[in-house]
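So you know, we letter chains A, B, ... as the sequences are listed, proteins then strands, and number each from 1. This one's a predicted model, so the numbers in the text were calculated from it and none came from an experiment. Because only heavy atoms are used, hydrogens play no part in the values below, and waters and symmetry mates are left out as well, while side chains stay in.
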Amino acid sequence: MSKVLTPSQTSGPLFGFALMREDLECSVDPAADGAVEVEGQLVDGQGKPIAFEAFVEFWSGDQSVRARALQEGRFRVVIAKPIPTKLSDGTVLAPHFNVAVFGRGLTRQLVTRMYFPDEPDANAADPILARVHPTRRATLVARPGNSQTLCFDIHFQGEGETVFFKLDAEQAGSEASG
Amino acid sequence: MYQDVDPPYRDPGYEVTVLRAPLKPIVQLPRGWFHNVQGPAFGRLKVGPLDSDLTRQHAGEPLGERIIIFGRVTDSDERPVRNTLIETWQANAAGRYVDPIDLWGFPLDPNFTGAGRCLTDSDGRYRLVTIRPGAYPTFYRTGEKGWRASHIHFSLYGAGFDSRLITQMYFEGDPLLRQDRMFLGIPDARGQDRLIGKLEDAASIIDVINTANAGSSMDDTGRLIAKSALIDATAPPNRNESALAYRFDIVLRGSGATPLEDRE
């Protein structure tokens, strides 16, 4: 009998008192040069915001931030734009953050990526965006807001459903990369 | 080989998933892709000595059955996951969460918060001391209420982006497991068993220190008269360290895991 990984379970809605701290919302000083404020909204399949019951994590390199969706399902994190990543095989990844969403009604995390709107050339060459159907790529690129602000809404379902990625591996023998 | 037995995103038995589960295809990345992505570093979440003992975070001791939870975190390559952050959260013994959006109105315990934190050691081992959480009712579907089995939420990071896991630990022998829809959402009996903390007598602590009452006698009303020589009114009361121990080992995704679809 083969063995199994520890399965995921929902975070439920009552994580706030344990997991949320204001200093976890920022990976850099919001007043620092190059700090970027990312605001977004979590939206369910009826277009309703998911308030208080979910949280997001953004990771890139050594930057990690975590924030709860508050009123109207809105979250806010402060990050610095990462540099492009070069993999060992020479592939260059456009600057991006890996994003995970946890919450009530999510039996495991939703995994997506946020790309930057001011990097059209790097985004066009990015091997992960290339795997996404062209009509859906825009869901992975943040929209410019005010001078230092980006908007990155996450739609769980619907016309503009955000592209989500699988965490588990492709079957052995398929294309390898990275 | 380890298999992935996560519950599906969409579970009609847990109705709130229906409007939150993605409907469009989930994009598959090449094998090992996320495993090469460095995981998050929450180094600024410092772990203090009291963070792993939830029974010592307040002036007094919380009410409830004191338990030890211990185990080993490994990955699907069977290597220990060292120095990784574990965060836990739970209800108190009455089934009440400190979180302000808890609906059920069970009593709070002024001596219990229910948030824990620890790091695994160089062999992947961890240990927490807490109170067994109470069961509480919940809505699974419109018009359908049920009870959540006693559970403790666990959040772990591991080495890579793909090893990030939030899960729940349940208790061996809990009859509410028969009807807990979160637990039953796992489509595989082995996966369900992974989430059950197993009572381990050998790791439990039985401590008899109540010397103040040893050798006491009763007065004729049945009230206990302690041996006065053993009582110092100014000394803090002794703490009995006894606790039942539950083993909860955790296996995170490593580079060798396979998706559920590989099974047949």
Side-chain angles (χ1 to χ4, degrees), chain A residues 1-19 21 23-24 44-46 48 50 52 57 59 61-62 64 66 87 98 100 102-111 128 131-132 136 156-157 161-172 174-178, chain B residues 1-9 11 16-17 19-20 22-24 26-34 36-42 44 76 87 89 97-99 101-102 113-115 153 155 161-162 164-168 182 185-186 188 190-191 194-195 250-253 257-259 262:
Chain A
M1 191 169 87
S2 62
K3 291 173 276 192
V4 299
L5 300 177
T6 300
S8 171
Q9 293 269 272
T10 178
S11 69
L14 302 174
F15 52 79
F17 72 99
L19 298 187
R21 278 188 1 194
D23 63 323
L24 298 182
D44 78 7
Q46 286 180 331
K48 289 187 184 147
I50 298 170
F52 303 109
E57 290 183 340
W59 306 332
D62 57 3
S64 316
R66 179 195 277 172
L87 301 182
N98 295 297
F102 298 89
R104 175 167 177 256
L106 296 179
T107 54
R108 49 185 144 143
Q109 65 263 50
L110 291 171
V111 174
I128 301 301
R131 285 198 162 226
V132 174
R136 301 187 64 204
F156 291 14
Q157 298 178 353
E161 181 178 313
T162 299
V163 170
F164 299 109
F165 296 93
K166 278 190 189 178
L167 276 179
D168 45 27
E170 261 177 354
Q171 297 188 15
S174 44
E175 173 195 1
S177 175
Chain B
M1 253 343 194
Y2 280 82
Q3 290 166 356
D4 192 325
V5 290
D6 284 335
Y9 281 117
D11 177 359
V16 70
T17 63
L19 287 172
R20 298 185 178 184
L23 297 177
K24 293 190 158 76
I26 308 274
V27 176
Q28 183 104 65
L29 295 181
R31 183 175 187 78
W33 176 270
F34 276 125
N36 295 324
V37 177
Q38 186 188 342
F42 273 107
R44 57 197 189 281
S76 51
E87 292 164 279
W89 67 104
Y97 285 85
V98 165
D99 202 82
I101 64 174
D102 184 314
T113 301
H153 296 270
S155 164
F161 181 88
D162 59 348
R164 178 83 176 97
L165 176 72
I166 287 185
T167 190
Q168 301 180 29
M182 309 297 160
I186 299 161
D188 184 295
R190 297 167 301 169
R194 271 260 182 259
L195 295 189
I250 298 169
V251 185
L252 300 180
R253 183 176 287 106
T258 63
D262 271 8

>> What part of A:R136 gets within 4.5 angstrom of chain B, counting heavy atoms only: side chain, backbone, both, or neither?
In response: side chain
> Just by modelled atom types, is the B:I166 backbone N or O under 3.5 Å from a matching donor or acceptor in the A:R108 side chain?
Replying inline: no
> With only heavy atoms counted, which part of B:Y97 is less than 4.5 Å from chain A, the side chain, the backbone, both or neither?
Replying inline: side chain
>> Please identify, among A:L19, A:I50, A:V4, the residue contributing the most non-hydrogen atom pairs under 4.5 Å to chain B.
In response: A:V4
> Among B:D11, B:I26, B:T17, which has the most heavy-atom pairs under 4.5 Å with chain A?
Replying inline: B:I26
> Can you say whether the rings of B:F161 and A:W59 are parallel (under 30°), tilted (30 to 60°) or perpendicular (over 60°)?
Replying inline: perpendicular
> For chain A, which of B:H153, B:Q168, B:K24 has the most heavy-atom pairs under 4.5 Å?
Replying inline: B:K24
>> Quick one, A:L14 with B:I101, criterion side-chain contact (heavy atoms from CB on, under 4.5 Å). Give me CA distance, side-chain angles, the key distance, then yes/no.
In response: CA-CA 7 Å; A:L14 302 174; B:I101 64 174; 3.5 Å; yes
> Short question: side chain of B:D188, backbone of B:G191 - any donor-acceptor pair under 3.5 Å?
Replying inline: yes
>> If you count every heavy atom of other residues, nucleotides or ligands that lies below 6.0 Å from A:K48 atom NZ, does the total exceed 12?
In response: no
>> Given 3.5 Å as the limit, does a donor-acceptor pair link the side chain of B:T167 with the main chain of A:P7, or not?
In response: yes
> Between the main-chain N or O of B:V251 and the side-chain N or O of A:T6, is there a donor-acceptor pair closer than 3.5 Å?
Replying inline: yes
> Heavy-atom distance under 4.5 Å to chain B: side chain of A:Q157, backbone, both or neither?
Replying inline: side chain
> Donor-acceptor pair, A:Q46 side chain versus B:L19 backbone, under 3.5 Å?
Replying inline: no
> Non-hydrogen atoms of chain A under 4.5 Å away: do they reach the side chain of B:E87, the backbone, both or neither?
Replying inline: side chain
> Which one of A:S11, A:G45, A:A18, A:P13 has the most heavy-atom pairs closer than 4.5 Å to chain B?
Replying inline: A:S11
>> Looking at chain A, which one of B:I250, B:V27, B:I186, B:L252 has the largest number of heavy-atom pairs inside 4.5 Å, strictly under?
In response: B:V27
>> Please rank A:L110, A:T162, A:D23 by heavy-atom pairs under 4.5 Å with chain B and give me the top one.
In response: A:L110
> Heavy-atom distance under 4.5 Å to chain B: side chain of A:F102, backbone, both or neither?
Replying inline: side chain
> Considering only heavy atoms, which portion of B:L195 lies under 4.5 Å from any heavy atom of chain A: side chain, backbone, both, or neither?
Replying inline: side chain
